[in-house]
Every structure is written in C-alpha cells, then in structure tokens.
Visitor: 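Can you read through this structure? Questions will come right after.
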There are 2 protein chains.
Amino acid sequence: MNIGQAAEQSGVSAKMIRYYEQIGLINPPLRTDSNYRVYGPDEVHVLRFIKRSRTLGFSVEETSALLGLWQDRSRASAEVRDIASGHITALETKIAELQGMVKTLSHLVHCCAGDNRPDCPILDDLAGRPAIKGH
Amino acid sequence: MNIGQAAEQSGVSAKMIRYYEQIGLINPPLRTDSNYRVYGPDEVHVLRFIKRSRTLGFSVEETSALLGLWQDRSRASAEVRDIASGHITALETKIAELQGMVKTLSHLVHCCAGDNRPDCPILDDLAGRPAIKGH
DNA sequence: CCTTGACCTTACCATGATAGGAAGGTCCAT
DNA sequence: ATGGACCTTCCTATCATGGTAAGGTCAAGG
C-alpha cells in the first residue's frame, strides 16, 4: 500500500506521515524499487493509534511515550495511567482558564447595551478602567 | 522611557514590543539620537491594553481590531460586543472539546487498575479496540 | 508505443506567538 | 576609562501542520 492509501485508511495526512517518520515517531517503512514508501496493515494500525492519541489532545511527545508502552510487551499499566492522569490535570487547568475568560467576557458583554454610544465597557476594561459595577 | 521600562510597566516583554511594532500592531515610537526607542505613558497604556486583550485569549489580529475601535472616537459599541461574543462562542466550543477529552480519559483511567498487568484499557482504546464495558 | 493524469519523491517556505542568542553600539556610575 | 547594564538588528528555534514546486513513476486508454 502506498502512502496515499495509508493516509486515507488512518486519517493521518501523507504529509504528516512523512513528518512522523522524519522526527522518529514511526519507523521508516520499506521502499519499492522506485523509492515509494510501502505500508501494511500493522503500520496503518500504528497510524490510527497516533491519530486517536493526537485527537485526545496528547502531544506528539506524549504520543511517542504511549506508543512505546503500547508496543512494549512488558508495559506497565500504571505508567500509562499516570501519563493520562497528568494530561487530565493539564486539561482541567486549561478548561478553568478558558472558563475564567468566558466569565469575564460574558459579564462585559452583558454590560454592553450594543447600541452605538461611544462608551463601551469591554474596551474600558481592556484599557484598564474599572468596569461598571452592580451588573 | 526606554523599551526596558516600558516592558516592565506594561507586562509586555521588550522582545514582544519590538515584534508588535514589526507586525504593525503598534506604531513605531520616536528614537533617540542613538537609535533607542522612546516610550511615554500613552504607549504604555496601549501596551497594557494589548496585554489584557491577549490574556483574555484574543488573538493578535482580534486585539488589533479592538485596539482600532478603542482608538477610534466614533467607535461602535455593537461592533466590539460582536467581536467579544464571537470570541466567547469560540471559547465555549474549545471548552466543550476539552471536556470531551477529559470525559473519555477519565473513563479510561477509572477502568485502569493501575497495577502492572499487561492489559491496559487506555492503550486498548488508543489502539482502536473497544474499551471494557460497564465500567 | 505514447500520452495523460494521478500518484509519489524531496526540499523549501509559511503559519502564530514567543523565546533565545550573537555581535555590536550606548549610557552611566565608579 | 572601564565595567556592567542596557539598547540595537539579525538569525534561530519552537510545535504541528499546510502548501508549493520540480521532478520521477505508474496505470489506463488511444
């Protein structure tokens, strides 16, 4: 199977497959006489693993660690769980940050009549002036 | 005031001040005879505006739009509100995505005994095999 | 057999926002 | 006058991905 088919079957673009090979995340595949990369079902399986891991928000580096544990027969389940737990913590921190932003912005938007008067609580806040109190 | 003081007072690094100037987000300041950038309180105020906007998650491009509206005397409050509202929507979409990731991962982590047995539901999920049902 | 079009190859450039460093000039206090 | 703290420009890197260009390959159909 050529790289195009492997890309289609795995959901990873051909571009990214070559990139993953270049950075050592996946092993270089066999080549045909005409230098085409050749992939089999196992390689596609690995690519799908990577795709899923990336979709779940793991970095390429974390994905690399997970991939190593997956392919290691004497893998430690606890180690995988720790990576995932750490990732959950990071995600929750990020979520809290974003929620803080939404809260601030929602407050400002609700204070903003949206007419064309020149005073705007959102801009006033960005400019460092205190927002209008009491809703 | 030199760039170092402006950086300190605004919370924007000197590096980023020069970058913002380069991409046209801020105007080039006056220079001394020895080619040093010179800033005054107004410029610091603009930098603080930018800093706050970036902290609230607006991109540099959105920040540029907000800055233009802030500095425009005939600014339309409604336009600012629309930018902020769109940003809130984008943030909420992102939050929902992250929460989805956390949910999936939490489920997997809770299915994972964390001992050293070789079967690991997290890896199994990443590999595309169905997770153990019924928790 | 030859052309056409779809595929593959490598190599380079771009993104967005930020940080780091090198090499050299400037300013101020000792 | 010297040293150290600051400034200048220019180059590099990050992370993951997309694009493009120039050229080689393959299969199908005329």
Side-chain angles (χ1 to χ4, degrees), chain A residues 1-26 28-40 43-44 46-67 87 90-91 94 97-98 101, chain B residues 1-26 28-40 43-44 46-67 87 90-91 94 97-98 101:
Chain A
M1 170 186 349
N2 284 340
I3 200 171
Q5 269 95 48
E8 202 181 349
Q9 288 186 28
S10 66
V12 180
S13 72
K15 206 86 180 166
M16 290 312 297
I17 294 175
R18 294 194 194 97
Y19 172 72
Y20 289 152
E21 178 187 332
Q22 189 200 318
I23 63 172
L25 179 60
I26 58 179
L30 295 175
R31 301 276 190 143
T32 65
D33 288 349
S34 54
N35 206 30
Y36 282 21
R37 287 172 179 83
V38 180
Y39 298 93
E43 281 82 10
V44 170
V46 168
L47 288 171
R48 283 222 205 96
F49 182 103
I50 292 170
K51 177 71 179 176
R52 175 101 172 110
S53 173
R54 298 283 302 118
T55 300
L56 282 175
F58 290 99
S59 69
V60 168
E61 188 151 346
E62 286 170 322
T63 300
S64 180
L66 291 171
L67 195 53
H87 188 48
L91 287 173
K94 187 77 188 166
E97 277 176 21
L98 295 177
M101 293 178 197
Chain B
M1 171 186 346
N2 284 341
I3 200 170
Q5 268 94 51
E8 201 182 351
Q9 288 186 27
S10 66
V12 181
S13 71
K15 212 83 180 171
M16 290 311 297
I17 294 175
R18 295 193 194 97
Y19 172 72
Y20 290 152
E21 179 186 331
Q22 187 200 321
I23 64 172
L25 179 61
I26 58 180
L30 295 174
R31 301 277 189 141
T32 64
D33 289 349
S34 54
N35 205 28
Y36 282 21
R37 289 171 177 83
V38 179
Y39 299 92
E43 282 82 9
V44 170
V46 167
L47 287 171
R48 283 223 205 96
F49 182 103
I50 292 169
K51 177 69 178 178
R52 173 101 173 111
S53 174
R54 300 281 303 116
T55 300
L56 281 175
F58 290 100
S59 69
V60 168
E61 188 152 346
E62 287 169 321
T63 300
S64 180
L66 291 171
L67 196 53
H87 188 50
L91 286 173
K94 187 75 190 166
E97 276 176 22
L98 295 178
M101 292 178 197

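Naming convention: chains lettered A, B, ... in sequence-line order (proteins, then strands); numbering from 1 in each chain.
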Visitor: Which distance, rounded to the nearest 0.5 Å, do you find between the CG of Leu67(A) and the CD1 of Ile26(A)?
Guide: 9.0 Å

Visitor: Output all residues satisfying side chain to side chain donor-acceptor pair (under 3.5 Å) with Ser64(A), sequence neighbours left out; order by chain, then residue number.
Guide: none

Visitor: Closest approach of Ile17(A) and Tyr39(A), non-hydrogen atoms and distance?
Guide: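 Closest pair (atom of Ile17(A), atom of Tyr39(A), distance): CG2-OH, 3.3 Å.
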
Visitor: At the 4.0 Å heavy-atom cut-off to chain A, mark where contacts on DNA chain C begin and end, going 5' to 3'.
Guide: dC7(C) to dA11(C)

Visitor: Once you apply a heavy-atom cut-off of 4.0 Å, does Thr32(B) come out as touching a base, just sugar-phosphate, or nothing?
Guide: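 Touches nothing.
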
Visitor: Among residues at least two apart in sequence or on other chains, which ones pass side chain to side chain donor-acceptor pair (under 3.5 Å) with Arg37(A)?
Guide: Glu21(A)

Visitor: For Leu47(A) and dA16(D), what is the distance between atoms CG and P respectively, to the nearest whole Å?
Guide: 16 Å

Visitor: Determine all donor-acceptor pairs shorter than 3.5 Å in which one atom belongs to a side chain in residues 8-15 of chain B; sequence neighbours excluded.
Guide:
unit_1, atom_1, unit_2, atom_2, d
Ser10(B), OG, Ala6(B), O, 2.7
Ser10(B), OG, Ala7(B), O, 3.4
Ser10(B), OG, Val12(B), N, 3.2
Ser13(B), OG, Met16(B), N, 3.1

Visitor: Let me see the working for Leu25(B) and Tyr19(B) under side chain to side chain contact (heavy atoms under 4.5 Å, CB included), right down to the final yes or no.
Guide: CA-CA 9 Å; Leu25(B) 179 61; Tyr19(B) 172 72; over 6 Å; no

Visitor: What is the distance, to the nearest angstrom, from the CZ atom on Phe58(A) to the C1' atom on dA16(D)?
Guide: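 Value for this atom pair: 17 Å.
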
Visitor: Rounding to a whole Å, what distance do you find between Tyr36(A):OH and dG23(D):C1'?
Guide: 11 Å

Visitor: Take a 6.0 Å sphere around CD of Glu97(A) and say whether it holds more than 12 heavy atoms from other residues, nucleotides or ligands.
Guide: yes

Visitor: How long is the gap from CG on Leu47(A) to CZ on Arg52(A), to the nearest 0.5 Å?
Guide: 16.0 Å

Visitor: Angle between the end axes of the helix from dC1(C)-dG30(D) to dT30(C)-dA1(D), five pairs per end, to the nearest 10 degrees?
Guide: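 Inter-axis angle at the termini of the helix from dC1(C)-dG30(D) to dT30(C)-dA1(D): 30°.
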
Visitor: Just to be sure I understand the geometry, which residues of residues 10-25 of chain A put a non-hydrogen atom under 4.0 Å away from DNA chain D?
Guide: Ser13(A), Lys15(A), Met16(A), Tyr19(A), Tyr20(A)

Visitor: Show, in sequence, the C-alpha distance, side-chain angles and deciding distance for Asn2(B) and Gln5(B), and conclude whether the side chain to side chain contact (heavy atoms under 4.5 Å, CB included) test is met.
Guide: CA-CA 6 Å; Asn2(B) 284 341; Gln5(B) 268 94 51; 3.9 Å; yes

Visitor: Could you check Asn35(B) against Glu61(A) and say which one's nearest nucleotide on DNA chain D is further toward the 5' end?
Guide: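 Nearer the 5' end of the strand: Asn35(B).
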
Visitor: Looking at Arg37(B), does any N or O in its side chain come under 4.0 Å of the phosphate oxygens OP1/OP2 on dC7(D)?
Guide: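 Indeed not, no polar side-chain atom of Arg37(B) lies that close.
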
Visitor: Where each residue is assigned the nucleotide of DNA chain C containing its nearest heavy atom, which of Val60(B) and Gly4(A) is assigned the position nearer the 5′ end?
Guide: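 In this pair, the answer is Gly4(A).
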
Visitor: Could you walk me through whether Arg54(B) and Thr63(B) pass side chain to side chain contact (heavy atoms under 4.5 Å, CB included), step by step?
Guide: CA-CA 7 Å; Arg54(B) 300 281 303 116; Thr63(B) 300; 3.9 Å; yes

Visitor: Go through it in stages, so that I can follow the logic: the residues are Val38(B) and Arg31(B), the test is side chain to side chain contact (heavy atoms under 4.5 Å, CB included), and I'd like the CA-CA distance, side-chain angles, deciding distance and then a yes or no.
Guide: CA-CA 6 Å; Val38(B) 179; Arg31(B) 301 277 189 141; 5.9 Å; no

Visitor: Tell me the interatomic distance from Arg31(A), atom CZ, to dT25(D), atom P, rounded to whole angstroms.
Guide: 13 Å

